[in-house]
Amino acid sequence: MSYRGPEFDALQSRPRRSRRAALTVAAAALVPGALLGWLVYEAVGGSEGPGGPAGQAAPAPTGADPSSPSPSAGSPSASSTAAPTASRTAGKPGTSAAPGAPAPLKGKVVVIDPGHNAGNFQHTADINRKVDIGTGLKECDTTGTSTNAGYTEAKFTLDVAHRLRTLLEQQGATVKLTHDGDRPFGPCIDERARIGNTAKADAVVSIHADGSAAGNRGYHVILPAAVHQGAADTRPIVGPSRDLGERIAGNFLRVTGSAPSNYVGGGTGLVTRKDLGGLNLSTVPKVFIECGNMRDSKDAALLAGGAWRQKAAQGISEGIVSFLRG
């Protein structure tokens, strides 16, 4: 996703509760692994000055398969794209209940929303159709972005969604995906929200990767603003969604070692928006996470790696587990 439009600019210009949010995220991540993770991040390359236009859309896929082995940054190897089996994640914190122990998330419903769809490129007329998001009209969906090597956001989000589903099911949760690469395009953003609402989900997470300028790095979690307009009324979910988002942000930092965004959120890893239909139309706790910036070569190298994507799924999972267990 990208950051364009007056509504987002207006939100960013408002005074942020950055000190509180920064302390909350830091507290959630205050374990020995956080320091190690930051050192790893710095070793990968740390922060760079911004450059190039923000919000670049993904080019239409070519005949080459971006999942095939390639030495280029941002192009994953074929062996790195498979979701983990239980044996590959056993013994890690938050991955599975001990044999014979009650599943901690039994009875809980989690909806995972893999951002975009690999078929959107072939259905531009369909995804450009406008839908009502409460605060106005917006496109049904978009193509998403990609790395410079052609690894698309849609492939990334579905891969992380599969890994996350495995981890949450091992905890006993009932997990539903808004799509599983089984539709020609979409679903539209209003339908994505409706799927979570209909499921009466205890938590919904929409997975994305950003398409900002090179040099812009790091993750951020997007929280719903208080919206009461048209079909949108997020007032009941603003509080629990913030709690969910803060827990995901802190655990994502701790597990992946990636730093919070250096270009939005004031270093907190948290951003509030009112222009996203998937949040505006939700009636259950919901957040988006931008796991990194695909248009930056250093972030792209992380996003394209299967081992890092497993860490991303683990961090999100542990944030969800923390939220649902209180």
> For Cys291 and Ile207, which heavy atoms make the closest approach, and how far apart are they?
Replying inline: SG-CG2, 4.3 Å

>> For the residue pair Asn216 / Asn293, report whether a side-chain donor-acceptor contact shorter than 3.5 Å exists.
In response: no

> Is there a donor in the side chain of His220 and an acceptor in the side chain of Glu290, or the other way round, less than 3.5 Å apart?
Replying inline: no

> Are the side chains of Asp190 and Ile133 in touch, meaning some heavy atoms are under 4.5 Å apart?
Replying inline: no

>> Hydrophobic clusters here meaning ILVMFWY residues chained together by side-chain heavy-atom distances under 4.5 Å, can you tell me if Ile189 and Val111 are in one?
In response: no

> Which atoms form the tightest heavy-atom contact between Pro285 and Pro240, and what is the distance?
Replying inline: CG-CB, 3.9 Å

> Among Thr142, Thr152, Ile127, which one satisfies side chain to side chain contact (heavy atoms under 4.5 Å, CB included) with Asn120?
Replying inline: Ile127

>> Under a plain distance cut-off of 3.5 Å, with no hydrogens placed, do Asn197 and Arg194 share a side-chain donor-acceptor pair?
In response: no

> Under 4.0 Å between a Lys/Arg side-chain N and an Asp/Glu carboxylate O for Arg247 and Glu318?
Replying inline: no

> Which pair of heavy atoms, one from Ala173 and one from Val110, lies closest together, and at what distance?
Replying inline: CB-CG2, 4.4 Å

> What's the spacing between Thr157 OG1 and His162 NE2 if we round to 0.5 Å?
Replying inline: 9.5 Å

> Which atoms form the tightest heavy-atom contact between Asp202 and Phe323, and what is the distance?
Replying inline: O-CE2, 3.5 Å

> Quick one: does Asn128's side chain have a donor or acceptor within less than 3.5 Å of a partner on Thr124's backbone?
Replying inline: yes

> Looking at residues at least two apart in the chain, or sitting in another chain, which of them share a ring pair (Phe, Tyr, Trp, His ring centres under 6.0 Å) with Phe252?
Replying inline: Tyr219, Trp308

>> Taking the basic N atoms (NZ, or NE/NH1/NH2) and the acidic carboxylate oxygens, is any pair closer than 4.0 Å for Asp141 and Arg192?
In response: yes

> Looking at residues at least two apart in the chain, or sitting in another chain, which of them share a salt bridge (charged side-chain N to carboxylate O under 4.0 Å, His left out) with Asp180?
Replying inline: Arg165

